[in-house]
Protein chains: 2
Amino acid sequence: MELDALDWALLRELQHDARQTNRDLAAKTGVSPSTSLERVKILRERGVIDGFHAALDLEAVGRPVQALISVRIRPPSRPVIEGFREWAAQLPQTIGLFVTSGPHDFLLHVAVPNVDGLYAFVIDRLTERREVADVQTTMVYEHVQSRSITRPADETRRRPVTRRT
Amino acid sequence: MELDALDWALLRELQHDARQTNRDLAAKTGVSPSTSLERVKILRERGVIDGFHAALDLEAVGRPVQALISVRIRPPSRPVIEGFREWAAQLPQTIGLFVTSGPHDFLLHVAVPNVDGLYAFVIDRLTERREVADVQTTMVYEHVQSRSITRPADETRRRPVTRRT
DNA sequence: GGTGAAATACCAGAGCA
DNA sequence: TGCTCTGGTATTTCACC
């Protein structure tokens, strides 16, 4: 269950470049190729590594305009929330979807070819859903994605939230 | 510059699984291995494919609590914005960062081991920056990331935004 | 952690539109 | 001319020691 220093070293390398050879991976982490191969296989089987994916450049694939769209759903019951989630997640414009607390229930991250495509998405696609009670669009000027998840600091352990006096 | 049907087929496959063998990739897209190898190499060189990365399961690596933190920066000038962006992007808790329009300037996507870690991040880390004028935290119940960016529909072309009468 | 057989990737050159 | 397909060689992978 626990991840040791070698696991974290392998995860760091694979987050940066998932396609480097096992030989390079072993050299960078200071173990033999058979060891790194075995560890990565285990990390994959345990589900620590969820998958290996190619990242696309949104500009290069013709979708340079990004926005975040807050959506309020009424009623916010499980079937309605889950129905909307499944529908929104598979839209071609959607590249990410957050289910959130707060005044809105969803935050959609979309990428489209141009501003017209964004406007059309909001007033054509989203409004066809009866459960959508409110929509609020924010433009994304830049999106930075961290690909270097590291070991959480153990210092941040849970402290009691109730105190006796 | 343009991507043809084969390019999109390769991109679709590699977004789903970046580590499948070139043989499999060729078989799935209906071309010979040398063709798929060459095409992928070109897509990589042109920057259409930005990289190959391992995706981690945030729960499995001990960071099950996610939040979105809206941050307002004062003054919102270039040096201040860029300074904060660089600082925030490299924090271990940050897994994504949006620079946005609207009342807030940034939206930070963070993942932490527990709720205390989140609270500590907000009141210890963020407040150490003088330019942070306002912070608003929203919990993330679920985050779905689409790994299937497809060819943008050409129907969504730019229409004029000004009209003559 | 090391070794060897099998599979795979990559490079060259030829064929086809 | 540009793109794709076929063989040879180096590399990588993986089961076993």
Side-chain angles (χ1 to χ4, degrees), chain A residues 1-64 92 113 147-151, chain B residues 1-57 60-62 147-154 157:
Chain A
M1 180 72 219
E2 283 295 299
L3 301 171
D4 65 13
L6 174 56
D7 290 323
W8 278 110
L10 293 167
L11 292 176
R12 174 166 43 76
E13 283 302 324
L14 289 174
Q15 284 182 85
H16 178 249
D17 181 6
R19 270 202 157 186
Q20 60 189 304
T21 66
N22 184 57
R23 181 196 281 258
D24 289 348
L25 193 60
K28 285 179 189 166
T29 54
V31 293
S32 78
S34 56
T35 302
S36 73
L37 196 70
E38 177 70 4
R39 286 294 191 106
V40 173
K41 186 180 152 203
I42 292 169
L43 288 169
R44 190 79 184 76
E45 286 168 356
R46 281 171 54 187
V48 175
I49 296 174
D50 208 52
F52 302 100
H53 308 283
L56 305 195
D57 183 315
L58 289 173
E59 294 210 19
V61 297
R63 290 167 66 174
R147 307 204 189 273
S148 53
I149 294 163
T150 55
R151 181 207 298 269
Chain B
M1 181 70 224
E2 283 295 299
L3 300 171
D4 65 14
L6 175 56
D7 290 322
W8 278 110
L10 293 166
L11 293 176
R12 173 166 42 78
E13 283 303 323
L14 289 173
Q15 284 182 86
H16 177 249
D17 181 5
R19 269 201 155 187
Q20 59 189 304
T21 66
N22 184 57
R23 277 170 89 97
D24 290 349
L25 194 58
K28 285 179 189 166
T29 54
V31 293
S32 78
S34 60
T35 302
S36 72
L37 192 72
E38 175 71 4
R39 286 295 191 105
V40 172
K41 186 181 151 205
I42 292 169
L43 288 169
R44 190 82 184 75
E45 285 168 357
R46 281 170 54 188
V48 176
I49 296 174
D50 211 52
F52 301 99
H53 308 284
L56 306 195
D57 183 315
V61 298
R147 306 202 189 274
S148 55
I149 294 163
T150 54
R151 181 209 296 270
D154 285 336
R157 290 210 180 283

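Letters go in sequence order (proteins before strands), and every chain restarts at 1. Note that the coordinates shown come from a computational prediction; the quantities given were computed from them, not determined experimentally.
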Donor/acceptor link under 3.5 angstrom from A/S32 side chain onto base of C/dG2: no
Proximity to the side chain of B/T21 - top-ranked nucleotide from D/dT12, C/dT8, D/dT6: C/dT8
B/D7 CG to B/I42 CD1 distance, which is reported to the nearest 0.5 Å: 8.0 Å
Rounded distance (nearest 0.5 Å) linking atom CZ of B/R151 with atom CG of B/D4: 8.0 Å
B/R23 atom CZ, neighbour heavy-atom count above 12 within 6.0 Å: no
Taking every non-hydrogen atom, the tightest pair across B/W8 and B/T150: CZ3-C, 3.3 Å
CZ-CZ distance between B/R44 and B/F52, expressed to the nearest 0.5 angstrom: 6.0 Å
Among D/dT4, C/dG1, C/dA9, the nucleotide that comes nearest once only the side chain of B/N22 is considered: C/dA9
Residue that, paired with B/Q15, satisfies side-chain contact (heavy atoms from CB on, under 4.5 Å) out of B/L10, B/I149, B/I49: B/I149
B/R39, nearest nucleotide to its side chain (from C/dG1, D/dT4, C/dT8): D/dT4
Closest nucleotide among C/dG1, C/dC10, D/dT13 to the A/L37 side chain: D/dT13
Minimum-distance nucleotide to A/V31 side chain [options: D/dT12, C/dG1, C/dT8]: C/dG1
Side-chain N or O of A/T35 closer than 4.0 Å to phosphate OP1/OP2 of C/dG1: yes
Between the first and last five pairs of the helix from C/dG1-D/dC17 to C/dA17-D/dT1, the angle of the axes, rounded to 10 degrees: 30°
